[in-house]
Amino acid sequence: MKNLYIDIDGVLLDKGSAAEGLVEFLRFATENFDCYWLTTHCDGDVTPVFLYLVGKVPTEALPYIEKIKPTKWGSLSKTDGIDFTKPFYWLDDNLFATEKQVLEERDCLTSYIHFDLKANPHQLHEVQQLLKTNDNL
């Protein structure tokens, strides 16, 4: 099973509100991938993530949110939280030059999926379809 690294702001939340299709996406993601938080809200502990999301997402999303595991990456580069020994996808709205360089050096830039909910509010639906297609789910 592939790892799926998930950012929050700009991916699951758009301007502090749940993105369109959030519950359906989280159900799909947690059933088909080993999911990990790769967000500034998580540094080895999922409690701050949960507290941040409560009240911003539908209550139906909470059981899926609880299934997502923490990463520990510090404040330098989110790529420090990625296990490069396993295939993965990374959903984020902002890729820094240093992170892009790491992905390129490890020949896995295509594992990064850029989010722009402002330009495409349906992106969670589209990414779910993309992941289904790419992984024959």
Side-chain angles (χ1 to χ4, degrees):
M1 190 177 292
K2 281 188 180 178
N3 289 346
L4 180 64
Y5 296 96
I6 306 169
D7 186 30
I8 295 175
D9 297 303
V11 174
L12 301 182
L13 297 180
D14 183 21
K15 299 176 191 168
S17 298
E20 182 183 307
L22 175 76
V23 175
E24 179 185 19
F25 176 79
L26 288 174
R27 180 184 314 115
F28 164 78
T30 56
E31 289 174 355
N32 293 285
F33 296 91
D34 284 327
C35 296
Y36 295 87
W37 294 118
L38 195 54
T39 172
T40 57
H41 302 287
C42 182
D43 188 23
D45 180 9
V46 296
T47 304
V49 174
F50 188 80
L51 295 174
Y52 180 72
L53 290 172
V54 168
K56 293 181 174 102
V57 301
T59 55
E60 298 84 19
L62 298 179
Y64 305 111
I65 287 168
E66 290 176 334
K67 294 180 179 184
I68 302 174
K69 302 167 198 159
T71 56
K72 187 161 183 64
W73 58 275
S75 61
L76 296 178
S77 175
K78 287 184 180 179
T79 52
D80 292 342
I82 295 174
D83 179 355
F84 287 100
T85 66
K86 297 180 180 175
F88 70 93
Y89 294 107
W90 174 20
L91 313 179
D92 206 311
D93 64 323
N94 192 17
L95 182 65
F96 292 112
T98 54
E99 295 166 336
K100 182 178 181 184
Q101 181 179 351
V102 169
L103 294 176
E104 288 174 338
E105 288 171 358
R106 295 182 175 267
D107 196 29
C108 53
L109 185 58
T110 57
S111 295
Y112 172 76
I113 300 174
H114 179 259
F115 265 72
D116 185 351
L117 293 174
K118 290 176 185 144
N120 184 1
H122 311 288
Q123 194 165 4
L124 278 177
H125 292 297
E126 293 174 10
V127 167
Q128 182 174 336
Q129 292 305 313
L130 173 73
L131 295 177
K132 281 181 181 178
T133 302
N134 286 355
D135 288 273
N136 298 314
L137 301 173

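Just so we're clear, the structure is a prediction, and the values are computed from it rather than from any experiment.
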Side-chain heavy-atom pair Asn134, Tyr89 within 4.5 angstrom cut-off: yes
Lys NZ or Arg CZ of Lys86 over Phe88 ring: under 6.0 Å, within 45°: no
Leu22 side chain near Val57 side chain, heavy-atom distance below 4.5 Å: yes
Rounded distance [0.5 Å steps], NE2 in His41 versus CG in Asp7: 7.5 Å
Spacing of CD belonging to Gln101 relative to CG belonging to Leu109, to within rounding of 0.5 Å: 11.5 Å
Test item: Val11 and Val127 side chains (from C-beta on) under 4.5 Å apart, heavy atoms: no
Gap between atom CD1 of Ile82 and atom OG of Ser111 - 0.5 Å precision: 8.0 Å
Short side-chain to backbone donor-acceptor contact, Gln123 and His114, under 3.5 Å: yes
Close side-chain approach of Ile68 to Tyr64, heavy-atom, < 4.5 Å: no
Spacing of Leu38 atom CG and Glu99 atom CD [to the nearest 0.5 Å]: 8.0 Å
Interatomic spacing from OG1 in Thr133 to CD in Gln128 - rounded to 0.5 Å: 10.5 Å
Test side chain to side chain contact (heavy atoms under 4.5 Å, CB included) applied to Phe115 and Asp92, Leu124, Asn120, Asp14, the passing residue: Leu124
Asn32/Leu4 under side chain to side chain contact (heavy atoms under 4.5 Å, CB included): CA gap, chis, key distance, verdict: CA-CA 9 Å; Asn32 293 285; Leu4 180 64; over 6 Å; no
Ring-face cation contact, Tyr112 with Lys100, 6.0 Å cut, 45° max: no
Separation of Lys78 NZ from Cys42 SG (nearest 0.5 Å): 10.5 Å
Greater than 12 external heavy atoms within 6.0 Å of Lys118's NZ: no
Hydrophobic cluster membership, Phe96 vs Ile6, 4.5 Å side-chain cutoff: no
Note, Val49 side chain near Ile8 side chain (heavy atom, < 4.5 Å): yes
Side chain to side chain, Glu24 and His125, heavy atoms closer than 4.5 Å: yes
Member of Trp90, Tyr36, Phe33, Trp73 meeting the ring pair (Phe, Tyr, Trp, His ring centres under 6.0 Å) criterion with Tyr5: Tyr36
Heavy-atom side-chain proximity of Leu95 to Leu103 below 4.5 angstrom: yes
Linked, directly or transitively: Ile113 and Val102 (ILVMFWY side chains, under 4.5 Å): no
Side-chain heavy atoms of Thr71 within contact of Asp83, under 4.5 Å: no
For Val46 against Lys69, the heavy-atom pair lying closest together: CG1-C, 4.0 Å
